[in-house]
Every structure is written in structure tokens, then in C-alpha cells.
Amino acid sequence: MLLYQRICRCPKIVFRMLVFLFLTLFYLSNLSPHLMSFAAQEKQVYYVGQDEIDIMFVIDYSGSMNGNDSQNIALQMLEAAIDILYTTKTRVGFVAFTHKILSYSEPVSIETKAQRDALKGKITSTPRGGDTDIGLALNEALSLIQGHTLPQNRKGRIMLLSDGLPDVDGSGTGRSTQQSYNDMNRVANECKELEVPLDTIAFGKNFTGETAVLNQIADISGGSSYRTEHPGVLIDIFGEVIQKQTFSILHPISISLSSGYEQFVELPLKDTFPDEANILVVSQTPLNDVTVTYPGRDINYSKSGFYFTTKVNSPDNENATVRILGRQNQEIKIYVVLYKNLGLYLNVPDEAQKNVPFAYDYYFVNAIDQAPVSNETFYKQFNEETYVTKEENGIPKTTIVDKYRERPVFADNKATSEILVRESGNYASELKIRGEYFAAGMKNIPLNVENSPPTGKLTMRTKYLLSSNLADNTYQLNDYFSDANHDLLTYEMVSATGPGAENIKLEGDQLKVAHKKAGKANIILRVSDPEGAVLETASTRFSIEPFWIYYFGLLMGLFLILAMLILYALLLQKKKKRVIIEQSGYMHLDSDSNADPPEFDLLSAYPYQVALDDVPAGTIPINAGFQGKLLAYFMKTPEGMEIEPLSFALYQMRERKVSLGRLLEVLNLDIDNLDPYNVFFKATETKELLFYHTSTNVTMIGSTLALNKLKYSINYGNKIYITSQDGEYDLELHYVSARN
């Protein structure tokens with residue numbers, strides 16, 4: 001109730017509250033799309049660094065392979081790849097083929113050296129010779145994956161190595177070359193549906209046919225295609241496949257032995273969350289003598305004429321030492337592969353605005369217990385790239401997105417980056433993070449990039465003076481329209497109608513208004529961005545007016561001001577004729593006259609007035625209400641506040657009831673603690689006052705406690721003591737005669 005009374009007494013408060021509410025709603029309703037884009041819901045994607053995977057090697061053993069790989073280097077590189085795979089999570093199978101299936105193995109474990117040696121023995125013991133039926137071999141490999149891999153919820157991958165295309169018309173198997181091609185395409189499409197990538201390697205200097213066929217089936221399946229003439233390069237291709245399936249990089253270190261002396265190379269193996277380290281030494285020429293030592297471990301190794309491998313589980317020391325005794329001018333490569341048992345979390349929005357930076361963050365966890373990796377140095381070792389892909393006319397188009405920050409910001413155990421995409425559309429996004437020994441990534445993450453239409457309206461002046469001497473008014477439309485995606489806007493005049501239409505011209509992004517011909521014109525503009533998003537303005541009226549119409553409002557205003565001045569002068573003249581008695585507020589008594597006191601309107605604007613002069617002798621108040629006056633003394637006030645004694649001439653008031661708050665408003669101070677608007681004085685027909693209060697104050701009349709809501713008669717000379725509830729104010733009121 002008190003709040004309601006205060007609001008009613010202070011209409012300015014109500015007005016300010018309404019203005020604040022209006023401005024708040026206006027601001028919220030006009031938030032830019034740039035800001036709103038960050039409200040898009042985020043999704044979290046999790047990726048384990050190494051899936052359990054089965055790799056099927058499909059190997060061409062046709063007679064032509066003897067010419068392209070006379071020293072069996074290709075098979076030795078395949079053996080080396082088997083030795084450096086992540087043994088605890090990888091199984092390997094193979095299909096050896098010519099125009100028929102020569103031998104095969106379903107995916108088997110390679111966790112122990114004995115298991116790896118047994119598998120390699122099967123691969124290298126198969127003799128070469130015959131024609132080429134790739135379709136038959138791929139069909140067999142896919143059948144083995146469908147029978148042994150996918151039912152166990154493992155990932156599958158097929159790698160084809162061939163030096164030519166199908167050629168079985170004269171093989172006597174009853175199959176045709178076209179059947180082989182048909183099977184290749186069918187298997188590629190089935191691999192796509194089953195999410196089993198098919199990688200192809202066109203091998204050898206004398207590859208027969210067009211490599212485009214192998215490229216095509218790899219692309220259909222979601223795999224990769226490669227071409228190489230040198231068998232020694234195969235290990236680098238196998239390394240790329242390893243990286244696609246793990247967080248690990250086949251990191252090369254090249255050395256050249258210009259002399260035949262032995263050489264020592266220190267290799268760092270200790271790293272964050274190491275699970276398995278692999279060392280591989282290869283050369284294009286036969287290796288002579290290689291050994292590896294690692295503190296506290298007995299080293300098991302595998303070797304052939306062209307490679308040497310060793311594996312260290314859970315490495316816990318800094319370096320391994322490789323000793324090489326090579327030949328003069330022999331070039332040797334050393335590779336290190338570190339496998340980590342890590343997972344990667346990525347938080348990325350579902351939606352973004354074109355050309356507007358948006359943030360995503362990622363963090364690594366231990367894949368066993370999901371504990372976050374909080375080492376900032378670990379994150380700083382990476383370079384990061386983000387790609388987005390969308391289809392255009394059925395063809396995927398991949399683009400590297402623009403970095404908004406050069407490097408991620410690390411905070412709260414996660415790395416945060418900002419990027420932007422230049423074109424709208426539905427994308428599949430891909431994140432790649434790469435360090436020296438370690439790589440990670442996610443792909444095929446849906447991202448909807450939106451293009452917002454332009455915003456704005458024509459808010460320039462729409463009335464102009466008709467004149468042949470005035471220059472055209474030119475408006476830069478980019479000041480009135482904007483685009484949340486920062487696009488370059490174009491403008492088009494949709495319509496311009498009315499007798500004044502010839503005054504309005506659109507030139508590029510400028511609107512020009514001439515003053516030549518009187519009349520009104522209604523125009524509509526179309527605002528477009530490069531992707532075709534459109535804003536069409538409401539019809540806007542422009543008027544070219546002659547002088548008397550253009551200035552009509554001003555002339556009317558001047559006329560009204562003049563009329564008010566004349567009226568005020570007349571009223572002022574009448575007021576001067578009033579009797580002098582009205583200026584003082586008192587009437588002198590005339591014992592010889594029975595004339596009624598003159599009628600006047602005292603204090604109509606303010607119902608009270610502080611009177612400091614005594615009432616002249618021989619006068620009475622004209623007002624028939626209050627008879628006396630109140631003297632106010634603030635005996636105690638808050639620290640720093642001083643209030644001089646006050647005198648309130650109640651006899652000058654026209655009302656018959658007044659609150660203490662109304663009287664004290666003259667102070668223009670915040671004294672709400674005194675609860676003054678709940679303390680009341682009421683006039684009677686005599687000189688007495690009626691006093692009562694509903695306040696929280698402690699109130700005394702003389703030595704008597706004044707209770708709430710009870711009315712008390714106050715005579716001349718009575719004193720009222722008021723103390724605020726918090727004790728901050730002590731007020732003493734004296735009720736005295738008007739003549740005192």
C-alpha cells in the first residue's frame with residue numbers, strides 16, 4: 001500500500017519505469033544475427049584414438065609383378081607395416097590373387113611376434129604368376145570382413161596393391177574381364193554402405209591400363225588412391241593409412257651414410273600417455289647391420305634384407321638408441337610410431353552464420369578412465385586445420401575454412417578456436433590436429449551455415465522544399481541497411497509511383513532526391529546480398545512541397561505562440577487590478593464596515609507555504625480552515641545533514657487536511673525514514689487541530705504517547721515529538737497562534 005501511495009505521488013517514477021521497459025524490449029527484439037548465432041545449440045562429439053580394426057591386404061601376385069618388384073621389396077614393406085601396426089587393437093588378413101584366389105586369411109591377431117611372423121610367412125610363401133582378376137579378389141576380401149569383422153563391431157578396411165587392371169578373358173576360369181570390372185564397382189558401393197574404406201595402390205613402372213579406374217572405386221568407397229613406381233615408397237603409403245586409423249604419425253628421420261662407419265641415432269620415445277612405441281629402419285638397398293637398445297628392456301626385433309623393426313610396450317624412458325653400420329653413400333630412413341590410448345572430445349555448434357566467427361573447443365582424455373589431459377604444453381605442440389565439405393551438383397567440394405584466431409587458446413583444460421565459413425549451406429566439417437609424432441581428427445560432423453537476409457529501413461527525411469536552386473539530397477544506402485554476414489549489398493528500385501517520382505533516382509548504393517517538381521512519390525526498394533537473400537522495403541512516401549505547405553506547421557506554431565502571448569498579457573493586466581490585500585494573504589478588519597472579504601484564490605499551485613513573518617496586528621486569516629501555524633525543529637538528523645527551523649503557515653491553506661510529508665516536501669530531501677506521509681493534521685471549526693498518525697514512528701504529545709489511528713486535539717502551545725523507528729530523526733513540532 002505504501003509503494004502504491006508513493007507511485008501515485010511520484011508520476012515521474014512510473015514514466016521512467018515504462019521508458020526502461022520499452023527500451024529493454026526494443027533492444028532484445030533487435031539483437032543482431034551475429035550475436036544470436038552464438039545461441040545455437042552445441043553438440044559434443046567423442047572419438048577414440050584407435051578403433052579396433054581389421055585390415056585386409058589384397059595383393060596382386062600376377063606374373064607382371066616379378067618385373068615391377070624383382071627383389072620382393074613391396075612384400076617386405078607390407079611385412080614391415082604389419083610389424084608396426086598397433087598390435088593390441090589391430091587384426092590383419094590378406095587375399096593373394098592372380099586370375100584366381102591363391103591363398104587368403106581371415107583377420108587374425110598380431111599381438112605377439114609369433115603371430116606376426118606366422119602371418120608374414122603365409123604372405124611371402126605364395127608364388128607369383130598368372131593374370132589379374134581384381135573384382136574376384138575384392139569380393140573375397142569383403143566377404144571375410146562381413147563374416148569376421150563387422151559382426152564383432154570392429155572397423156574394417158581393405159587395401160589393394162596391383163600393377164594392372166583386370167585381364168581374365170583368356171584365363172580359362174569362365175570369368176570375363178567385364179565381370180571383374182562389375183564386381184569392382186559393386187564391392188566399392190557395398191563398402192560405402194558398410195563404411196569400409198577401400199584404398200587402392202597403383203604400383204610399378206609398367207602399370208597397365210588407366211589408374212582412373214582404381215581412383216574411382218577408392219573414391220566411391222570413401223577410401224584413398226595412390227600411385228607409386230618404387231616399392232620402397234610403399235611404407236610411406238602404409239603410414240598414411242595408419243594415421244587415418246590412429247592418432248599416430250609414421251614420423252621419418254632420414255640419415256645418409258657417406259662412409260661405411262657405424263652411426264648412432266637417439267630416438268625420443270617417452271611421451272604423454274604412451275602405450276606402444278615402434279621403431280622402423282628401411283632402405284632402398286639391403287641393410288647391413290642394425291641394432292636397437294633401450295634402457296631396462298630386452299629388444300625383440302624383426303628384420304629382412306630391406307627393413308628392421310622393433311616394438312617397445314609402455315615406454316617409460318626418454319630415448320632409444322639405434323646403431324647402424326651401413327654402406328658408403330647408403331640412404332637410410334628411420335621411422336618412429338608412438339601409439340597413445342587417448343580419446344578426443346569436440347564441442348561444436350550445430351549452426352553458424354556465414355562470415356561470422358564461431359567458436360568450438362576440444363580436449364583429450366585418457367581413453368581408459370576418461371580423465372582430461374590438462375597439460376597445456378601437450379596442446380601447444382599441435383597445428384590445427386578445419387575443413388568443410390558440401391556437395392555442388394552432386395560433387396563434394398572441400399574448403400579450408402578461414403581461421404579467426406591463428407592458434408587455439410588454452411583455458412579450463414581445453415583448447416578453443418574460432419573459425420568462419422564464407423558460404424552458406426549444409427556442410428560436413430572435419431577437424432585435423434597434427435603434431436610431430438601425433439595426429440588426431442574428426443570428420444563428417446554436420447554443420448549448417450546460415451545466410452541472414454539484409455536488415456534496415458528507409459529512415460531519412462521524406463519532405464523537401466520545392467526549389468530549382470537547391471542541390472539534390474544524396475543518401476548512402478549502406479548507412480540505412482546492413483547485413484549480419486558482412487556481405488556487399490546491392491539495391492534495386494522495385495517501384496516509384498506518383499507525380500513526384502521523377503525526383504527520385506537510384507544510382508548504385510546512393511538514393512538521390514531532387515527538388516525540381518512538386519508532388520508525392522511512393523517508392524519500394526529491394527536490397528539483396530550475393531547469395532540472393534532479399535529485403536523488400538515498405539512503401540515510403542517522399543514529398544516535394546511549395547513554400548507555404550512546407551512551412552505550414554512552423555507558421556501555425558508561430559501563430560499559436562503569438563496568441564498565447566496576447567492572452568497572457570490580458571490576464572496579467574487583470575491581475576494587477578486586484579487589491580493589495582491579495583498579495584499579503586490577510587484582510588484588515590474594519591469595525592465600521594460589514595463588507596464581506598474579497599474573494600481570491602490563494603496558493604492554488606502549492607497548498608502550503610513556509611511563512612517566516614509574523615501575522616500583522618489587527619488581521620485575521622481569510623481561510624476559514626486552519627487557524628494557526630506549526631513550528632518545526634529537527635533535534636536530530638543523520639550525520640552530515642542540517643535542517644534549519646521551519647515555520648508552516650497552516651492558516652494560508654485551502655485544504656482542511658494535510659500530511660507532514662506534504663509540508664516537508666519543501667525541503668526537497670529524502671526523509672522517508674520519518675514516514676512523514678502517514679502523519680496527519682486536520683482543521684476543525686475552532687482553533688484546535690486534530691492530530692493522528694498511522695506511521696512506524698514513536699510519537700508523543702507532550703508526555704503522552706500518541707497511539708496509531710487515534711485522534712488527538714491539539715491546542716496552541718502543545719508540542720508534538722516524533723522519533724523515526726531507526727532513531728535517525730527527532731522532530732519537535734510546536735502548534736502556535738498565527739499571530740505569534
Side-chain angles (χ1 to χ4, degrees), residues 22-40 349-358 388 390 392 397 399 401-402 404 419-427 447-465 470-517 519-545:
F22 172 80
L23 293 176
T24 301
L25 293 174
F26 179 82
Y27 173 77
L28 292 176
S29 65
N30 287 276
L31 280 175
S32 71
H34 181 180
L35 295 178
M36 297 300 290
S37 67
F38 290 98
D350 289 321
E351 296 180 349
Q353 282 286 327
K354 181 190 71 173
N355 284 334
V356 177
F358 67 93
V388 292
K390 71 173 179 178
E392 292 185 356
K397 178 184 176 183
T399 305
V401 300
D402 294 329
Y404 195 66
I419 60 174
L420 56 85
V421 182
R422 296 293 183 185
E423 297 179 2
S424 64
N426 293 315
Y427 289 88
L447 174 66
N448 178 32
V449 180
E450 296 183 343
N451 178 46
S452 296
T455 58
K457 57 184 178 180
L458 295 174
T459 57
M460 66 278 292
R461 184 163 56 96
T462 57
K463 291 185 178 182
Y464 304 88
L465 178 64
L470 293 175
D472 294 349
N473 288 82
T474 301
Y475 299 98
Q476 176 56 254
L477 292 176
N478 289 330
D479 294 336
Y480 299 88
F481 297 92
S482 61
D483 187 87
N485 307 114
H486 311 295
D487 284 328
L488 181 65
L489 300 179
T490 57
Y491 302 90
E492 177 187 356
M493 184 81 74
V494 177
S495 65
T497 59
E502 62 186 72
N503 292 304
I504 315 297
K505 293 182 180 180
L506 178 64
E507 296 180 359
D509 57 4
Q510 293 183 339
L511 185 70
K512 295 186 176 182
V513 182
H515 300 254
K516 308 304 180 186
K517 182 178 180 180
K520 297 178 180 179
N522 294 309
I523 71 166
I524 298 176
L525 296 183
R526 180 179 292 120
V527 189
S528 308
D529 70 8
E531 291 192 2
V534 172
L535 166 69
E536 196 165 282
T537 66
S539 180
T540 304
R541 173 173 291 185
F542 290 84
S543 299
I544 311 300
E545 300 172 343

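Nothing fancy with the numbering, it's 1 onward along the sequence. In what follows, every heavy atom counts, from backbone to side chain, and hydrogens, waters and symmetry copies are set aside.
Using bins of under 30°, 30° to 60° and over 60° for the plane-to-plane angle, the ring pair Tyr464/Phe542 lands in the parallel bin.
A distance of 5.0 Å separates NZ in Lys463 from CD in Glu545, rounded to the nearest 0.5 Å. Residue Lys457 holds its NZ atom at 13.0 Å from OH of Tyr480, rounded to the nearest 0.5 Å. The CG atom of Leu506 lies 8.0 Å from the CD1 atom of Ile523; values are rounded to the nearest 0.5 Å. From Arg541, atom CZ reaches atom OG1 of Thr497 across 9.0 Å, with rounding to the nearest 0.5 Å. Atoms OG1 and CG, from Thr537 and Leu458 in turn, are 5.0 Å apart once rounded to the nearest 0.5 Å. Atom CG of Leu465 and atom OG of Ser543 lie 12.5 Å apart (nearest 0.5 Å).
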Verdict with supporting geometry, Leu447 and Phe358, side chain to side chain contact (heavy atoms under 4.5 Å, CB included): CA-CA 12 Å; Leu447 174 66; Phe358 67 93; 3.9 Å; yes
Pair Lys354-Asp487, salt bridge (charged side-chain N to carboxylate O under 4.0 Å, His left out): steps then yes or no: CA-CA 9 Å; Lys354 181 190 71 173; Asp487 284 328; 2.5 Å; yes
Thr474 vs Leu511, side chain to side chain contact (heavy atoms under 4.5 Å, CB included): CA-CA, chis, key distance, verdict: CA-CA 6 Å; Thr474 301; Leu511 185 70; over 6 Å; no
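Looking at heavy atoms from C-beta onward, Pro454 lies out of side-chain contact with Phe481 at the 4.5 angstrom threshold. Looking only at side-chain heavy atoms (C-beta outward), Met493 and Leu525 come within less than 4.5 Å of each other. Two residues are said to be in side-chain contact when any heavy atoms from C-beta on lie closer than 4.5 Å; Asn478 and Tyr491 meet this criterion. Looking at heavy atoms from C-beta onward, Lys516 lies in side-chain contact with Asn503 at the 4.5 angstrom threshold. Inter-residue side-chain proximity for Asp350 and Asn448 is flagged as unmet; no heavy-atom pair is nearer than 4.5 Å. Contact annotation: the side chain of Thr462 approaches that of Thr540 to within less than 4.5 Å [non-hydrogen atoms, C-beta and beyond]. Taking 4.5 Å as the limit, some side-chain heavy atom of Asp529 sits within range of a side-chain heavy atom of Leu489. Between Ser452 and Gln353, some side-chain heavy-atom pair lies under the 4.5 Å cut-off.
Among residues two or more places apart in sequence or in another chain, the salt bridge (charged side-chain N to carboxylate O under 4.0 Å, His left out) test is passed with Lys390 by Glu423.
Listed for the His515 side chain is no donor-acceptor partner under 3.5 Å among the backbone atoms of Leu470.
In terms of heavy-atom proximity, Asn522 sits nearest to Ser539 at CB-OG, 3.5 Å. In terms of heavy atoms, Val513 sits closest to Ile544 at CG1-CD1, 4.1 Å. In this structure, Ala521 and Ile504 approach most closely via the heavy-atom pair CB-CG1, 4.1 Å.
Looking at Asn451, Asn355, Asn485 one by one, the single match for side chain to side chain contact (heavy atoms under 4.5 Å, CB included) with Ser424 turns out to be Asn451.
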